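So the structure is just underneath, and the comments pick up after that.
Quick caveat: nothing in here was measured; it's all calculated off a predicted structure. Sequence lines set the chain letters: A, B, ... in the order given, protein chains first and strands last, and positions in each chain run from 1.
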Number of protein chains: 2
Amino acid sequence: MASLGDLERSVMDLLWDSAEPLTANDLRDALAACGTDAKELAVTTVLTVLARLEKKGLVARERSTRPHRYTASSSREDHTVGLLNDALGTAQDREAVLARFIGGISAEEAVSLRAILDSVKTV
Amino acid sequence: MASLGDLERSVMDLLWDSAEPLTANDLRDALAACGTDAKELAVTTVLTVLARLEKKGLVARERSTRPHRYTASSSREDHTVGLLNDALGTAQDREAVLARFIGGISAEEAVSLRAILDSVKTV
DNA sequence: CCGATATTTCTACATGACGTAAAAGTATCG
DNA sequence: CGATACTTTTACGTCATGTAGAAATATCGG
């Protein structure tokens, strides 16, 4: 899978958080506003990044409307799960890794994890 | 954390699988042998990669012995756990991700996961 | 239908990571 | 001490990414 650069990441975050599709200008404005970055990017820069994200299959674009509108093609969670599986894919003994991973999570999360496992089992 | 290139990855795999520290020559030979690569790398190439891995904190080198000897500074599992946490770190709602992730693992793994969780809880 | 304006595509460049290795420097052994 | 082994330095090509100007294209008001 493709890991994201900083700007790509910011754009994806905005797209993931938006219910509506966004235009390049929307994104440029949002990028300027968010964080303490305050750096006004050129729209072409945003468009370049969007094109790359589209090529990576992470965003879909509506070419029908004139200012093209972009949406994330999968949810943030799905993307993160993909990353998790990528990381795990390189491991031979998944169980050892999972054991160590779970050893490091908080007690609360352990509880909810257990709940999740229960529901999976029921199915 | 630092993700690894292909050669870096191969070198780490060899170091992780070796009980003994390895020299650059050991690694070059092992790389030539392993897989269907069959490409004889220059020792300097291996040394460069080792230096980079050392800078990344992934390998430690014994400078006392004359052919320096290299070891992985952490286990493969720890490294993978690090990757998992990196991936999860970018997620706001860890639980949603974990839920979806667990939904995708095999039934067997779900069972062993449950066992792991139990042992964690006991502690 | 035309020109001004908005939008997109093309092209370009800098930087950094990575694979790759020759050249040069340094230690070691006989 | 000289040959040999090993390490460090330097270097180059490629690819991903941030960044954006130039050029092409569409759209809107008149």
- Of all pairs that satisfy salt bridge (Lys or Arg N to Asp or Glu O under 4.0 Å), the ones with a partner from residues 91-103 of chain B, not counting sequence neighbours: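 Listed once each, the pairs are A:D78-B:R100, A:E109-B:R94.
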Let me know the distance between [atom1] of [X] and [atom2] of [N], rounded to the nearest Å.
{"X": "B:D6", "N": "C:dA17", "atom1": "CG", "atom2": "P", "value": "17 Å"}
{"X": "B:E40", "N": "C:dT20", "atom1": "CD", "atom2": "P", "value": "13 Å"}
{"X": "A:L53", "N": "D:dT19", "atom1": "CG", "atom2": "P", "value": "13 Å"}
{"X": "A:L22", "N": "C:dT7", "atom1": "CG", "atom2": "C1'", "value": "16 Å"}
{"X": "A:L31", "N": "D:dT17", "atom1": "CG", "atom2": "C1'", "value": "15 Å"}
{"X": "A:R28", "N": "D:dA20", "atom1": "CZ", "atom2": "P", "value": "11 Å"}
{"X": "B:M12", "N": "C:dC18", "atom1": "CE", "atom2": "C1'", "value": "16 Å"}
{"X": "A:K55", "N": "D:dT17", "atom1": "NZ", "atom2": "P", "value": "11 Å"}

- Message: Here's a test of your reading of the structure: between A:K56 and B:V43, which maps to the more 5' nucleotide of DNA chain D?
- Response: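 The answer here is B:V43.
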- Message: Return whichever of B:N25 or A:L7 has its heavy-atom-nearest nucleotide of DNA chain D closer to the 5' end.
- Response: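 Going by which nucleotide is closer to the 5' end, it is B:N25.
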- Message: Would you say A:D13 and A:S10 are linked by a side-chain donor-acceptor pair, where the criterion is simply a distance under 3.5 Å?
- Response: no
- Message: Among D:dT17, D:dA20, C:dT20, which nucleotide has an atom closest to any side-chain atom of A:E8?
- Response: D:dT17
- Task: Test A:R69 against every option in A:R63, A:R61, A:E62 by the side chain to side chain contact (heavy atoms under 4.5 Å, CB included) rule and name the one that passes.
- Result: A:E62
- Where protein sits on nucleotides 23-30 of chain D, one letter per nucleotide: B base, S sugar-phosphate only, - none, heavy atoms under 4.0 Å: --BSS---
- Message: Taking salt bridge (Lys or Arg N to Asp or Glu O under 4.0 Å) as the definition, give me every residue that meets it alongside B:R28, ordered by chain and number, with sequence neighbours left out.
- Response: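 None.
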- Query: Among pairs that include at least one residue of residues 12-33 of chain A, which meet ring-ring contact (aromatic ring centres under 6.0 Å, His included), considering only residues two or more places apart or in two chains?
  - Reply: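 Every pair satisfying ring-ring contact (aromatic ring centres under 6.0 Å, His included) with a residue in residues 12-33 of chain A: A:W16-A:H79.
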Are side-chain heavy atoms of [X] and [Y] found at a separation under 4.5 Å?
{"X": "B:F101", "Y": "A:N85", "answer": "yes"}
{"X": "A:R52", "Y": "A:E8", "answer": "yes"}
{"X": "B:V59", "Y": "B:M12", "answer": "yes"}
{"X": "A:L50", "Y": "A:V11", "answer": "yes"}

- Closest heavy-atom pair, B:V97 versus A:V81, reported as atoms and distance to 0.1 Å, is O-CG2, 3.7 Å
- How many angstroms lie between CG in B:L83 and CG in A:L88, if you round to the nearest 0.5 Å?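 If I round to the nearest 0.5 Å, the distance is 9.5 Å.
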- Pair assignment for DNA chain D - dot-bracket with | for other-strand partners, Watson-Crick or G-U under 3.5 Å: ||||||||||||||||||||||||||||||
- State whether A:T45 places a side-chain N or O below 4.0 Å from either non-bridging phosphate oxygen (OP1 or OP2) of D:dA20. yes
- Query: Checking side-chain contact (heavy atoms from CB on, under 4.5 Å) for the pair A:I102/A:L113: CA distance, chi angles, key distance, verdict?
  - Reply: CA-CA 9 Å; A:I102 288 175; A:L113 241 190; 4.2 Å; yes
Atom pairs under 3.5 Å: protein N/O with N/O of nucleotides 8-11 of chain D:
from: D:dT8; atom 1: OP1; to: B:R63; atom 2: NH2; distance (Å): 3.4
from: D:dT8; atom 1: OP2; to: B:R61; atom 2: NH1; distance (Å): 2.8

